[in-house]
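Contents: one structure, followed by commentary.
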Amino acid sequence: MKIQVKQLLIALAIPLAVGGLATLLSGGMGDYRALNQPPLSPPGWVFPVVWTLLYLLMGYSSYRVYTAGKSPELTKRALQLYAAQLLLNFIWPIVFFA
């Protein structure tokens, strides 16, 4: 399997851009620090690290779906579901924090 670098970079950039825009529109981590937190809650710096990793994994997964060589109908449906899930990931921090 030959890596299609352009498609991979696009697939990685899309969820990172969505996550970054959601962070900007939701106000970042300032509200999290102001919340009354239980003793075992993680520090604020953990969230950007983990979410960046998750968004990179989602982008890589979408690349794998796109280049898997399955039928166009299956590929289109899988990427539509991914786009819907990414839209929900975009909306929830804005609704929760903004």
Side-chain angles (χ1 to χ4, degrees):
M1 178 172 108
K2 184 177 177 184
I3 296 176
Q4 301 173 15
V5 176
K6 183 179 177 181
Q7 287 83 358
L8 177 59
L9 292 176
I10 291 169
L12 294 174
I14 290 171
L16 287 175
V18 168
L21 185 58
T23 300
L24 289 175
L25 295 176
S26 67
M29 291 298 297
D31 291 335
Y32 177 76
R33 287 184 210 102
L35 294 173
N36 186 13
Q37 300 173 9
L40 295 177
S41 63
W45 66 266
V46 171
F47 291 97
V49 172
V50 170
W51 276 102
T52 300
L53 179 60
L54 288 172
Y55 280 126
L56 286 171
L57 290 171
M58 288 189 291
Y60 181 69
S61 297
S62 70
Y63 165 77
R64 293 290 307 260
V65 167
Y66 182 72
T67 59
K70 300 295 179 182
S71 73
E73 297 83 23
L74 286 175
T75 301
K76 181 179 177 181
R77 182 67 180 143
L79 292 176
Q80 285 173 337
L81 291 170
Y82 167 66
Q85 175 265 326
L86 201 54
L87 178 64
L88 292 174
N89 275 356
F90 173 75
I91 292 171
W92 86 259
I94 296 169
V95 170
F96 187 76
F97 288 111

For [X], which residues count as a side chain to side chain contact (heavy atoms under 4.5 Å, CB included) partner, sequence neighbours excluded?
X: V49; result: W45
X: L25; result: L21, F90, I94
X: L12; result: L8, L56, Y60
X: S41; result: Y32, Q37, P38

[X], [Y]: one ILVMFWY side-chain cluster at the under-4.5 Å cut-off?
X: V50; Y: L53; value: no
X: L24; Y: W51; value: no
X: I3; Y: M58; value: yes

Legend entry - Smallest separation among heavy atoms of S62 and Y82, with atom names: CB-CE2, 3.5 Å
Inset, instruction - Could you tell me which non-hydrogen atom of A22 sits nearest to which non-hydrogen atom of P93, and how far apart they are? - result: CB-CG, 3.9 Å
Inset, instruction - Could you grab the distance from atom CG of L9 to atom CD1 of I14, nearest 0.5 Å is fine? - result: 11.0 Å
Inset, instruction - Find the distance between CG (L81) and CG (L86) and round it off to the nearest 0.5 Å. - result: 12.5 Å
Side chains of residues 67-79: which donor-acceptor pairs under 3.5 Å do they make with residues two or more places apart or in other chains?
from : atom 1 : to  : atom 2 : distance (Å)
T67  : OG1    : Y63 : O      : 2.9
S71  : OG     : L74 : N      : 3.2
T75  : OG1    : S71 : O      : 3.1

Legend entry - Any P42 side-chain heavy atom under 4.5 Å of F47 side chain: yes
Inset, instruction - Would you please name every residue forming a ring pair (Phe, Tyr, Trp, His ring centres under 6.0 Å) with Y66, sequence neighbours left out? - result: none
